[in-house]
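Labels below follow one simple rule: chain letters A, B, ... track the order of the sequence lines, proteins then strands, and each chain is numbered from 1.
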Amino acid sequence: MRTFQRVAVLGFGTMGGGIAQVVAASGRDVVVLETGQERIDLGVAAVRDFLDGGIRRGKATEADRDAVLARITGTTDVADLAGVDLVVEAVTERREVKAELLGRVATVVGEDAVLTTNTSALSVTDLAAALPRPERMAGLHFFNPAPLMAVVEVVRALQTDADVITDLVAFVEDIGKSPVEVKDRPGFLVNRLLMPYLNDVVQEYDDELASAEDIDVAIQLGLGYKLGPLALLDLIGIDVHRHATESAYAATLDPQFAPPPLLAQMVAAGYLGAKSGRGFRVGTEEQGEAR
Amino acid sequence: MTPNQLTVAVLGAGTMGAGIAVVAARAGHRTVLRDVSDEAVHRGLDNAGGFLRKSASLGKLTPEQADAALANLTGSTDLSDVAPADVVVEAVFEDLELKRALFAELDDVVSRDTLFHTNTSTLSVTAIAAGSRHPERVVGTHYCNPAQLMKLVEVAEGRHTASEATKRSLEFLHGVGKTTVITKDRPGFILNRFLIPWENNCIRALEAGLGTVESIDRAVLGALRHPMGPFQLLDVVGLDVHKAVSMRLYEQLREPRFAPPPLVDRMIAAGDLGRKTGRGFYTYDSTRSFGA
Ligand SMILES: NC(=O)c1ccc[n+]([C@@H]2O[C@H](COP(=O)([O-])OP(=O)(O)OC[C@H]3O[C@@H](n4cnc5c(N)ncnc54)[C@H](O)[C@@H]3O)[C@@H](O)[C@H]2O)c1
Ligand SMILES: NC(=O)c1ccc[n+]([C@@H]2O[C@H](COP(=O)([O-])OP(=O)(O)OC[C@H]3O[C@@H](n4cnc5c(N)ncnc54)[C@H](O)[C@@H]3O)[C@@H](O)[C@H]2O)c1
């Protein structure tokens, strides 16, 4: 049974930073690979900010923060990954980028190191196929923000060894998360359920069922969801959702994944949600008091 | 008598009617709860009264507030007691002919200015309104269960609804403390329009082996932070009710994602309707497990 004491995270973006923090908080050493020093600095600063927030709310001490930060090292050199037992890839969501990087990392880490990807929309089986010893590859799908979200999907590719899944499930539990084992299907489990719902909402919004605000208010008050679907899309990123649902559609030809045309229009107009300052709810006139 | 006190008639003293009557009475309106039998009226009044007394004992209302609300509340089986109503809220069985006939009958009983609200979940507001000779007074006002506690009301106009009727309806709803959203007279309004395909999709994912009842609920709770997992919610709603709502939407929209998946029929055939029968997706009654 592998306990994965030395972990490499690839990419120090939103997800890579969150994952590095969660793994470091479990007492493990984490090395994070990035493309440049400035990105490492940004990543470390983001983790520090997150932990400072916890200190302000009285959930952690400065000593906790410093201990977590001390276990995280950044690097731009793949050679520094030699000796890790687990790799969690969380770089940009593009097949060529991930495949190329995983190929290079596979030659540096030991034969027995387990390789995982945090991809949301790509096939784990397909990424594994390009690697030597694909049976040690799996998906480890964290949700954003990783430090707060309780669940991690452990994705079994067609080639994945059963004991790799067993060890990853134990690892996820050990870092304080709740593992859900899933097959390698478009969207895995959670996004497989979420995407048709979000598409449905976008189409009905475009068809003027109700205002964006009223749709969100109805869902929040009527179903008790923390976020309405359109506010959630603004957070996810309209381009990110569109890419994910388009990938699922391409893989399945199932119309429930077909991106509603409004998504492409919003992306064309640069309305990407929170990150661009304009989306379904963000930056629109109608935001304000519920009636 | 408070300045904005109205007379509200609630038709149907069932789950929703009793809840809506509490809302109106607590807001200070004279409220008549009307049903077809004394038994049904008493059951509704008992539920409403029980809720108000419990609210007082929990400190959510002062004893005076609870007493005042109770004093506003009367029951009747006689349609003529509805005559003085400024607002009629219809919450009888989900049956188009019944609702239309009721509005037709009411035309002759109430004044020309009386608002007709229908609490239908899945029927067309326009079709119900057509039962009245004055469809311009009919507005869809869809409360959530339990109406006493849930703040949301979805408001939908029929084809002939007068904007003045909608305006007065919104004032009334805001006056009784509800938050309204404006939607269209389309099957399922907002909530059921999105909830039903979501639930059916979760059931299909279960049937397809994407997860177990427990793992799908856990994933949704943990990753989407919903207050209940899809199967926990279905067990509360009841599989029979879920099927009825799904079928009514499916018949109108003719889109497969509204159709209840076969597992729903099998569960209903087995009597596993959810919490109310001790077993649904989960088992609540331990005596029902084999070998116990
Ligand atoms: N953001 C989310 O909500 C979310 C949730 C679950 C999964 N994911 C998945 O996680 C992955 C990362 O997403 P993100 O939102 O953190 O993206 P991000 O853009 O915030 O971060 C990606 C990082 O990867 C770095 N990178 C790119 N190429 C690299 C390379 N060759 N070597 C090292 N670093 C490289 C980039 O510099 C960047 O900092 C994607 O696969 C995404 O689909 C995202
Ligand atoms: N239960 C829910 O969760 C819910 C939520 C929102 C809307 N609704 C809608 O509210 C309406 C009522 O639902 P419910 O769950 O309260 O039903 P229910 O079966 O609990 O109550 C219906 C009541 O109407 C009475 N009734 C029948 N015909 C009548 C008549 N001619 N005059 C007066 N009363 C009559 C019945 O005797 C019964 O007491 C339906 O249209 C339903 O779709 C229900």
Side-chain angles (χ1 to χ4, degrees), chain A residues 141-144 146 148-154 177-183 185-205 207-229 232 254-256 289-291, chain B residues 142-145 150-156 170 173-174 178-206 208-212 214-230 233 255-258:
Chain A
H141 188 232
F142 288 77
F143 294 86
N144 186 25
L148 297 182
M149 302 306 265
V151 161
V152 176
E153 290 176 324
V154 178
K177 302 287 181 193
S178 179
V180 175
E181 278 186 60
V182 294
K183 282 204 246 187
R185 295 215 196 183
F188 309 130
L189 175 59
V190 171
N191 287 333
R192 157 82 183 64
L193 297 173
L194 184 64
M195 287 187 289
Y197 157 71
L198 293 177
N199 288 339
D200 215 8
V201 169
V202 170
Q203 189 58 56
E204 284 289 342
Y205 165 70
D207 294 345
E208 299 177 10
L209 177 65
S211 70
E213 184 191 7
D214 277 4
I215 290 175
D216 277 1
V217 168
I219 298 286
Q220 285 176 282
L221 292 184
L223 301 179
Y225 294 5
K226 286 232 163 30
L227 275 180
L232 177 60
D254 183 340
Q256 64 180 336
E289 287 291 290
R291 269 181 298 268
Chain B
H142 183 238
Y143 293 73
C144 300
N145 185 19
M150 301 285 282
K151 286 195 85 72
L152 180 73
V153 178
E154 296 178 279
V155 175
L170 291 172
L173 290 165
H174 297 164
K178 294 300 181 190
T179 300
T180 56
V181 295
I182 308 290
T183 182
K184 299 264 167 77
D185 182 22
R186 295 195 207 154
F189 305 124
I190 300 173
L191 282 183
N192 284 319
R193 170 66 187 76
F194 297 130
L195 180 64
I196 295 298
W198 160 263
E199 293 282 18
N200 284 334
N201 214 1
C202 291
I203 298 169
R204 283 189 203 98
L206 176 68
L210 266 66
T212 62
E214 183 275 337
S215 80
I216 295 174
D217 271 354
R218 194 157 47 83
V220 168
L221 289 167
L224 303 178
R225 302 210 269 178
H226 290 183
M228 269 196 241
L233 179 61
E255 289 181 34
R257 61 188 188 283
F258 292 91

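Side-chain contact between A:V190 and B:L224 is present, with at least one heavy-atom pair separated by less than 4.5 Å. Looking at heavy atoms from C-beta onward, A:V180 lies in side-chain contact with B:R218 at the 4.5 angstrom threshold. Residues B:I182 and A:S211 fail the side-chain proximity criterion, which asks for heavy atoms closer than 4.5 Å. Between A:L193 and B:L210 the shortest side-chain heavy-atom distance does not fall below 4.5 Å. Between B:F194 and A:I219, the closest side-chain pair of non-hydrogen atoms falls below 4.5 Å. The side-chain heavy atoms of B:E154 and A:D214, taken from C-beta on, include no pair separated by under 4.5 Å.
Identified under the salt bridge (charged side-chain N to carboxylate O under 4.0 Å, His left out) test for residues 192-202 of chain B, with sequence neighbours left out: A:D200-B:R193, A:E204-B:R193.
Proximity of a side-chain donor or acceptor of B:K151 to a complementary backbone N or O of A:L221 within less than 3.5 Å is not detected.
Interface residue A:Q256: only side-chain heavy atoms are found under 4.5 Å from chain B. Only the side chain of B:R186 comes within less than 4.5 Å of a heavy atom in chain A; its backbone stays farther off. Proximity to chain B is absent for every atom of A:N191, based on heavy atoms less than 4.5 angstrom apart. Proximity to chain B (any heavy atom under 4.5 Å) is restricted, for A:F188, to the backbone atoms N, CA, C and O. Neither the backbone nor the side chain of A:L232 comes within less than 4.5 Å of any heavy atom in chain B.
Ranked by heavy-atom pairs shorter than 4.5 Å toward chain B, the options A:K226, A:R185, A:K177 are led by A:R185.
Shown here are the side chain to side chain donor-acceptor pair (under 3.5 Å) partners of A:N199, two or more places apart in sequence or in another chain: A:H241, A:T245.
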